[in-house]
Amino acid sequence: MGDGPQTKAFSGQAKPAQIRTSNIIAAKSVADAVRTSLGPRGMDKMIENEDGDVTITNDGATILSLMHVLHPAAKMLVELSKAQDVEAGDGTTSVVVIAGSLLGACERLLGQGLHPAVISKAFGFASAEAAKILEGMSMPVELTDRETIIKSASTALNSKVVSQHSSTIAPLVVDAVLKVADQEHSMVDLNDIRIIKKHGGTVEDTELVDGVVFDKRASHTASSLDRVENAKIALIQFCLSPPKTDLENQVVVSDYAQMDRVLREERAYILNLCKQIKKAGCNVLLIQKSILRDAVNDLALHFLAKMKIMVIKDIERDDIEFTCKSLGCRPIASVDHFSKEAMAQADLVEEVTVGQSKIVKVSGVHKPGATVSIVVRGSNKLVLEEADRSIHDSLCVVRCLVKKRAFIAGGGAPEIELALRLTEMAKTLSGTEAYCLRAYAEALEVVPFTLAENAGLNPISTVTDLRSRHQAGDTSAGINVRKGCITSMLEENVVQPLLVSTSALTLATETVRSILKIDDIVNTR
């Protein structure tokens, strides 16, 4: 009798099993939430935050980042979609759906009494084999083959709200990435592509600007310019306003004669600064935003306007590096360092009306850097935000092709091929490993199954047809959601970078393995 409670406390593995089940259910519920938004016929989600701002999107990473997820295991799936967004930029919904399906497979295997460590090891092996199979299926692509790269960018846009404009956006995105890509080292820094959102017009009015665009108006006083040809551009980081006293000090002026003298000194100080700027030959002045005092005051603007110098003020500190790289100039920290070498030259700087606001365009830069700007247009805020996210996704897809120059068919073709090949491999193994490998292979069929379901097709018959086509050796066969049948994805121009698929599988498997390994949750206060 004495050892009754003790044996009860240590008997079996009840607690770890419950924790695992709870983690799997929580993570699967997150995967189910985004599953309906997979593919070109996927539904959109409308998300409202506390402030009443509404976001409409079907981008997996955006949906999950806006959701308030409380369960720690479910948060791992949110992090997973963020990791996929950073690594590949596309496939953020697919990666979560695959992870959810793999967790379902784990649940069944655990129910049959398999040890989590055995399942984890087998899944790791399956993931490595899957990456090799995908590599074998892929086709190489050269960066000179613009048509194929455009097809990949269009495929990324197909599932978005702006898919009907993919013929406009895809070539524009490809040109932007190829201009800034470091092809020798297979690198693309997306910070070199500036996206400027402008309300008004339609998505078709989106344009690629080979030069620099400032999302600001030129500062206008009585006779300001809005167009300067043969521009000499300087970017200054000092203030064109009278110096202030220290925070603790104050100046008390007792009579108007002294007041008059203070104003005269101020005027002379600012005029001297403006004359030195004019003397250096500058006719377009960019002024960095200042926190401590006015970066430029009305008196300075008046003098600069008289000297026929165009002024664009409030350049953000974060934009300085991009602006210098684009124009080929150096930021000038003091009026004494004003020199011709620090300035940039351009054929034309002009203020242009875009929709209801104005922007300043710099074109014909003499020493341009490898940067571009994309001006995105949209009829309302929701369309504009979604167009921005869609362009980001397709930029990332083209970046993937620069990093790893290979592509594969889309439309569920790689997943079905993997499922078949891994099932074949499972037959050559024995014991629990074969069991786990077969479960992993079956779990991958969730992608074509969901694509068919979201397109309103019969998922079971569609996936069965797809499987039989692949068994007959047609590795590029996939689900054509537009025609509602199985066709060759390469003929339909539905292609995606190899990196998107390999990254999705590897990241999903890693997340599932780490969820499996958790057998207790400890709260610390």
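Values below: every heavy atom of this structure, side chains too, minus hydrogens, waters and symmetry copies. Throughout, residue positions are numbered sequentially from 1 according to the sequence presented.
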(request) Could you tell me which non-hydrogen atom of R146 sits nearest to which non-hydrogen atom of P171, and how far apart they are? (result) NH2-CB, 3.7 Å
(request) Look at the side chain of R405 and the backbone N and O of P140, then say whether any donor-acceptor pair between them is shorter than 3.5 Å. (result) no
(message) I'd like to know if K198 and D205 make a salt bridge, using a cut-off of under 4.0 Å between side-chain N and carboxylate O.
(response) no
(request) Nearest 0.5 Å please: distance from the CG atom of D388 over to the CG atom of L384. (result) 7.5 Å
(request) May I ask you to decide whether K197 forms a salt bridge with D215, counting only side-chain N to carboxylate O separations under 4.0 Å? (result) no
(message) Could you check whether atom CD of E107 has more than 12 heavy atoms from other residues, nucleotides or ligands sitting under 6.0 Å from it?
(response) yes
(request) Would you sort out whether S120 and R513 count as a side chain to side chain donor-acceptor pair (under 3.5 Å), showing the intermediate values? (result) CA-CA 5 Å; S120 174; R513 289 178 70 189; 3.1 Å; yes
(message) Rounded to the nearest 0.5 Å, what separates atom CZ in R20 from atom CD1 in I515?
(response) 12.0 Å
(message) Between K289 and D314, does any side-chain N to carboxylate O distance fall below 4.0 Å?
(response) no
(message) If you count every heavy atom of other residues, nucleotides or ligands that lies below 6.0 Å from K404 atom NZ, does the total exceed 12?
(response) no
(request) Look at D319 together with R194 and state whether they make a salt bridge at an N to O cut-off of under 4.0 Å. (result) yes
(message) For the CG atom of L208 and the OG1 atom of T168, what is their distance to the nearest 0.5 Å?
(response) 13.0 Å
(message) Is there a side-chain contact between T462 and I486 in this structure, where contact means two heavy atoms from C-beta onward sitting under 4.5 Å apart?
(response) yes
(request) Would you kindly say whether S152 and Q496 are connected by a side-chain donor-acceptor distance under 3.5 Å? (result) no
(request) Please examine the side chains of F214 and I359, heavy atoms only from C-beta on, and report whether any two atoms are closer than 4.5 Å. (result) no
(request) With rounding to the nearest 0.5 Å, note down the distance linking CD1 in I195 to CG in L190. (result) 8.5 Å
(request) Kindly check if the number of other-residue, nucleotide or ligand heavy atoms within 6.0 Å of CE (M67) is above 12? (result) yes
(message) Determine whether a donor-acceptor pair (N or O, by modelled atom type, separation under 3.5 Å) exists between the side chain of T155 and the backbone of V495.
(response) yes
(request) Write down the atom of T371, the atom of S326, and the distance for their closest heavy-atom approach. (result) OG1-OG, 2.8 Å
(message) Does this structure show an ion pair linking K361 with E207, if we count only N-O contacts that are shorter than 4.0 Å?
(response) yes
(message) Around atom NZ of K121, are there more than 12 heavy atoms from other residues, nucleotides or ligands closer than 6.0 Å?
(response) no
(request) Answer whether the closest heavy-atom distance between the side chains of F449 and P459 falls below 4.5 Å. (result) yes
(message) To the closest 0.5 Å, what do you measure between CD1 (I479) and CD (E415)?
(response) 9.5 Å
(request) Give the C-alpha distance, both sets of side-chain angles, the deciding distance and a yes or no for side-chain contact (heavy atoms from CB on, under 4.5 Å) between S154 and N493. (result) CA-CA 9 Å; S154 301; N493 296 335; over 6 Å; no
(message) Between H470 and L466, is there a side-chain heavy-atom distance shorter than 4.5 Å?
(response) yes
(request) Over all heavy atoms of both residues, which pair between S373 and V213 is shortest? Give the atoms and the distance, please. (result) OG-N, 3.8 Å
(message) Which residue in the set R482, K151, K483 passes side-chain hydrogen bond (donor to acceptor under 3.5 Å, both in side chains) when paired with E492?
(response) K483
What pairs of donor and acceptor atoms, side-chain ones from residues 54-64 against any protein atom, are under 3.5 angstrom apart with sequence neighbours left out?
unit_1 : atom_1 : unit_2 : atom_2 : d
T57    : OG1    : D59    : N      : 3.0
T57    : OG1    : E386   : OE1    : 3.1
N58    : ND2    : D44    : OD1    : 3.4
N58    : ND2    : S159   : O      : 2.3
D59    : OD1    : T92    : OG1    : 3.3
D59    : OD2    : T62    : N      : 3.4
D59    : OD2    : T62    : OG1    : 2.6

(message) Hydrogens and angles aside, do S101 and K28 bring a side-chain donor and acceptor to less than 3.5 Å of each other?
(response) no
(request) Under the side-chain contact (heavy atoms from CB on, under 4.5 Å) rule, what do T206 and I374 come out as? Steps first, then yes or no, please. (result) CA-CA 7 Å; T206 297; I374 298 174; 3.9 Å; yes
(request) State, yes or no, whether a side-chain contact exists between L110 and P116 at a heavy-atom distance under 4.5 Å. (result) yes
(request) Just do the side-chain contact (heavy atoms from CB on, under 4.5 Å) check on F123 and L109 with the steps written out, would you? (result) CA-CA 12 Å; F123 275 20; L109 292 169; 4.3 Å; yes
(message) Using every non-hydrogen atom in the two residues, find where A176 and V372 come nearest and quote the distance to one decimal.
(response) CB-CG2, 3.8 Å
(message) Tell me whether H199 contacts the main-chain N or O of S379 through its side chain, where contact means a donor paired with an acceptor under 3.5 Å.
(response) yes
(request) Report yes if the side chains of T323 and L327 come closer than 4.5 Å at any heavy-atom pair, otherwise no. (result) yes
(message) Just to verify, what does D192 make a salt bridge (Lys or Arg N to Asp or Glu O under 4.0 Å) with, not counting sequence neighbours?
(response) K325
(request) Could you tell me whether the side chain of E510 reaches within less than 4.5 Å of the side chain of S127, counting heavy atoms only? (result) no
(request) Locate the shortest heavy-atom distance separating M489 from A409; write the atom from each residue and the value. (result) CB-CB, 3.8 Å
Name the atoms and distances for all side-chain donor-acceptor pairs under 3.5 Å in residues 435-448, with sequence neighbours left out.
unit_1 : atom_1 : unit_2 : atom_2 : d
Y440   : OH     : T509   : OG1    : 2.9
E445   : OE1    : R467   : NH2    : 2.7
E445   : OE2    : R467   : NE     : 3.1
E445   : OE2    : R467   : NH2    : 3.2

(request) Would you check, one step at a time, whether the test side-chain contact (heavy atoms from CB on, under 4.5 Å) holds for H392 with C396? (result) CA-CA 6 Å; H392 175 263; C396 290; 3.5 Å; yes
(request) Mind checking the CG-OG1 spacing from N454 to T93? Nearest 0.5 Å is all I need. (result) 10.0 Å
(message) Could you report the tightest heavy-atom contact between L498 and L134, atom names first, then the distance?
(response) CD1-O, 3.7 Å
(message) With a sphere of 6.0 Å drawn around CD1 of I521, does it hold more than 12 non-hydrogen atoms of other residues, nucleotides or ligands?
(response) yes
(request) Test S488 against S476 for side chain to side chain donor-acceptor pair (under 3.5 Å), laying out the working first. (result) CA-CA 5 Å; S488 166; S476 66; 3.2 Å; yes
(message) Quick check against the 3.5 Å criterion: does N49 have a side-chain atom that pairs as donor or acceptor with the backbone of D53?
(response) yes
(request) Determine whether the side chains of T148 and D145 contain a donor N or O and an acceptor N or O closer than 3.5 Å. (result) yes
(request) Answer yes when R35 and E453 have at least one side-chain N-carboxylate O distance shorter than 4.0 Å, and no when they do not. (result) yes
(message) Please determine whether a side-chain nitrogen of the Lys or Arg among E129 and R421 lies less than 4.0 Å from a carboxylate oxygen of the Asp or Glu.
(response) no
(message) Looking at S390, is its backbone amide N or carbonyl O close enough to the side chain of S394 to form a donor-acceptor pair, meaning the two atoms are under 3.5 Å apart?
(response) yes
(message) Would the distance check show the side chain of K45 and the main-chain N or O of T36 forming a donor-acceptor pair, the cut-off being under 3.5 Å?
(response) no
(message) Using side-chain heavy atoms (C-beta onward) and a distance below 4.5 Å, is L235 in contact with C324?
(response) yes
(message) Counting only heavy atoms from other residues, nucleotides and ligands, does the tally under 6.0 Å from CD of E491 exceed 12?
(response) no
(message) Within the supplied structure, the quantity of interest is the number of heavy atoms (other residues, nucleotides, ligands) at a distance under 6.0 Å from M187 CE; does it exceed 12?
(response) no
(request) Mark yes or no for whether Q84, through its side chain, and D90, through its backbone, hold a donor-acceptor pair below 3.5 Å. (result) yes
